[in-house]
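The next block holds one structure in the form of structure tokens; read it before the comments.
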Amino acid sequence: MLNAILSVALVLGTLTAIPSVLMAIRDRLYSIVVIDVLAITWLLILWRWRALSFTAKSWNFLLIVYGVGVFFLFKVGPVSQIYLMAVPVLAALLLGLRSAVFVLVLNAVTLISVGYAFDIDLQFDRYHDQPFLRWIIITLNFTFISSVITVSCAVLLRRLEESLRKQMQISVSLQEEQSSLRIANEELRLISAAVENLNDMVMITDNNLQDNGPHLVFVNKAFERSTGYSRAEAIGNNLEMLYGPSSDIHEIHRIRSAMSTRHAIRSEIISYTKSKEEFWLEIDIRPINNQQGQCTHYVAIERDITDRKKAELDIYRLAFFDVLTGLPNRRLLRDRMSVQLANAQRTGNFSAVLFIDLDHFKTINDARGHATGDMLLVEVANRLSQLLREVDTVARIGGDEFVVLVDSLDQHMEIAGKLALTVAEKIRHALSQDFVINGQIYNSSCSIGVSLMPKLGQKADDLMRESDTAMYRAKSAGRNQIAFFEGDMQIEVEQRLTLERDLAKALEQHELQMVMQAQVNNLGEAVGAELLMRWHSKERGMVSPALFIPLAEESGLIVKMGDWVLLEACAILKRLRREGHQFPLSINVSPKQFRQKDFVDKVIAALETQGVGGENLIFEVTEGLFIDNLQETISRMSKLAGLGIRFSIDDFGTGYSSLNYLKRLPLYELKIDKSFVQDVPGDANGTAIVGSILSMAKQFGLKVVAEGVETEEQASYLITNNCDSMQGFLYSRPTAPDIWMANHAQEKKQLQA
């Protein structure tokens with residue numbers, strides 16, 4: 001500011017001094033010339049002298065103005081007061097009020113002393129006779145005006161200075177705030193860029209938990225990359241847009257509950273991309289609160305942990321599952337066995353452990369290589385898994401050894417043992433079937449050891465040892481055997497296996513034969529006959545059908561025996577026609593036999609071989625046939641009905657007994673089980689059941705055969721209630737077809753005679 005004043009003073013002073021100097025030279029006032037030149041030169045030196053301090057420069061400048069003013073006081077007179085008045089004003093401007101007051105006092109002293117001492121004429125006409133009073137008045141007026149101007153300038157400058165200082169402070173504060181704002185904006189830009197480029201998904205939602213909320217207000221690029229949804233598709237949606245069928249509903253409820261209570265939560269859940277591909281997400285959701293502590297938004301950080309989950313699953317599988325077959329290994333089996341043993345001890349329900357070892361597996365492995373052996377083991381694992389329930393466990397514990405843990409059989413040890421034997425027999429039969437591997441047929445059997453739990457003080461290791469011991473007992477007995485660790489049960493197993501072996505030979509040795517039992521009307525005339533199977537063993541004698549038929553069902557021999565019965569029935573039917581008997585024959589068809597894919601073809605082949613029609617055959621089936629695959633069963637029955645074959649429901653009322661299949665199936669008749677007939681007419685409940693069946697059959701248009709009729713009372717009740725035909729010892733005992741036809745021919749001759 002001082003340099004600017006000096007510059008202006010130098011320029012204006014020079015311009016003012018030029019005419020003044022010229023006039024002074026003309027009037028020969030050389031002192032004025034000297035003073036002007038000296039003042040201009042002094043100003044120039046001050047302006048150029050950069051090293052001189054501000055205060056020194058200011059006082060020098062004030063001294064120049066003061067000097068010029070004093071000089072003009074002598075030479076010019078009134079003009080000098082202008083210069084002298086400028087000195088305190090400039091002092092106030094440059095040096096402050098204190099310096100300005102000093103200059104004011106100096107001016108006053110100068111005026112009164114110099115003016116009075118040298119009697120300077122200021123054209124003040126009054127008080128010429130009192131010069132001192134005159135100068136007192138001049139000094140007071142000059143000082144008053146000069147003080148007012150100086151103080152006003154000083155106050156104005158002070159206010160201006162304070163205002164400028166405040167403005168400077170405000171400016172500095174604004175600069176600091178702008179700097180902070182720039183820093184904050186830069187941080188925000190960096191945070192935004194970092195969030196946008198994170199590999200983790202970032203989602204921000206509002207706090208509206210109503211209206212299917214909260215709703216997404218922000219997603220980053222990682223979200224778009226990972227899910228396939230664009231930002232526009234995501235905004236306004238909610239977090240559950242990523243959930244699907246496999247997402248854990250309990251985890252979803254847990255997340256909702258945490259958000260509703262404004263709590264942070266971490267979760268792992270299966271999610272879905274836009275293209276419905278599954279992937280695992282680790283979710284970390286936290287509320288965002290404002291300064292008042294109120295939740296305004298939620299932020300969810302999510303990362304794809306599919307690879308980690310896969311690795312965990314792989315580690316788990318390696319730790320607890322067999323690599324080749326995918327079955328539980330010894331470690332997992334031991335855990336499950338301990339749990340099952342504890343449950344059995346608590347509930348009292350018996351369970352079973354079956355130790356299975358393949359017979360002659362080493363021969364196949366050595367002859368065909370480990371690759372073939374591995375494929376055989378995989379096939380064995382598949383067959384075992386298909387045979388058992390979901391609650392049961394199939395494990396491979398090494399080599400060709402498998403263990404089956406059968407859960408909760410029964411509370412009675414004897415019944416549980418029989419059920420365990422049934423399961424073991426199914427396994428033995430399944431594994432004895434041929435294996436087809438790479439187009440080659442391989443045959444393998446197995447030896448099975450069975451142990452039951454719980455026993456007093458029994459542990460998981462004891463179960464493994466017992467079943468292993470029983471398995472070696474089965475191997476030592478000739479392989480392809482079942483052995484119980486419990487001695488009493490082993491006797492039953494051996495008898496059962498021997499019986500099955502003998503039954504398999506019975507067909508080859510022609511020990512099986514068919515017998516006929518007549519079905520008569522209310523007049524006692526034969527209107528049909530049922531063919532029944534009998535087994536006369538060379539070693540055992542007559543074996544009851546109640547013993548060998550269930551065994552044939554369980555072992556699968558029933559299919560081969562049923563095929564034989566079908567051929568025999570067609571041959572007998574042909575002989576009956578040749579003898580002049582025109583009634584149908586009924587044969588029992590097992591569900592296993594009926595469900596064979598080539599069953600219809602076998603029936604057609606048997607009819608064609610003997611040259612008989614299907615209209616004289618009645619297939620008796622049990623209600624168990626209709627439990628599974630009803631549509632396929634209906635289709636197959638319809639094909640057979642097209643051949644003229646009729647269907648009868650055997651033992652009606654003892655099983656499934658659903659009215660649904662009665663109206664959907666091509667049925668011909670119902671057979672009332674003998675357990676109901678034997679209670680007629682003495683037992684009210686049995687009589688009511690028989691009456692209901694007869695009435696229902698009439699409504700459906702079905703014939704009714706009552707089996708097991710042994711008394712006149714039973715026959716009388718059935719005839720009275722319009723039963724179509726009866727079968728039982730009262731009318732006929734099962735007889736060989738040759739004898740039956742011979743007796744019938746003889747009776748016919750006697751009647752003719």
Ion pair E278/K309, N-O distance below 4.0 Å: no
Atom pair CZ (F599) and NZ (K639), whose distance is rounded to the nearest 0.5 Å: 12.5 Å
Geometric class of the F647/F594 ring pair [parallel <30°, tilted 30-60°, perpendicular >60°]: perpendicular
K418 bridged to E414 by N-O distance under 4.0 Å: no
Q340: side chain to side chain donor-acceptor pair (under 3.5 Å) partners, not counting sequence neighbours: S351, D407
Nearest non-hydrogen partners of S271 and L281, listed with the distance: OG-CD1, 3.4 Å
Q509, CD atom: more than 12 neighbouring heavy atoms under 6.0 Å: yes
L557 and F548, any side-chain heavy atoms less than 4.5 Å apart: no
R636 side chain vs Q596 backbone, donor-acceptor pair below 3.5 Å: yes
I249 atom CD1, neighbour heavy-atom count above 12 within 6.0 Å: yes
Residues that E500 engages under side chain to side chain donor-acceptor pair (under 3.5 Å), provided they are two or more places apart: R428
Side-chain heavy-atom pair D563, Q593 within 4.5 angstrom cut-off: yes
Any donor-acceptor N/O pair, R368 side chain to Y442 backbone, under 3.5 Å: no
R465 with D462: basic N within carboxylate O range, under 4.0 Å: yes
Over all atoms of both residues, closest heavy-atom pair of S408 and R389: O-NH1, 4.3 Å
Donor-acceptor under 3.5 Å (K592 side chain, E553 main chain): yes
Side-chain ion pair, K221 and E224, N-O less than 4.0 Å: no
Polar side chain donor-acceptor pair, N443 to D434, under 3.5 angstrom: yes
For K505, salt bridge (charged side-chain N to carboxylate O under 4.0 Å, His left out) partners two or more places apart: none
Minimum side-chain heavy-atom gap L333-M464 below 4.5 Å: yes
S648 side chain vs D650 backbone, donor-acceptor pair below 3.5 Å: no
Side chains of D410 and H412, donor plus acceptor under 3.5 Å: yes
Close side-chain approach of H536 to E511, heavy-atom, < 4.5 Å: no
Straight-line distance of R254 CZ to I269 CD1, nearest 0.5 Å: 9.5 Å
Backbone of K310 reached by a side-chain donor or acceptor of D307 within 3.5 Å: no
Inter-residue atom distance L377.CG - F402.CZ, 0.5 Å rounding: 5.0 Å
Neighbour count >12 (heavy atoms, 6.0 Å) for atom NZ, K455: yes
Flag, side chain of D359 to backbone of N480, donor-acceptor distance under 3.5 Å: yes
Test item: R473 side-chain N/O and F484 main-chain N/O as donor-acceptor pair under 3.5 Å: yes
Y272 and E277 side chains, donor-acceptor separation under 3.5 Å: no
Partner of C570 under side chain to side chain contact (heavy atoms under 4.5 Å, CB included), chosen from T609, L617, I587, L585: L617
Closest non-hydrogen atom pair, I572 against P737: CD1-CG, 3.6 Å
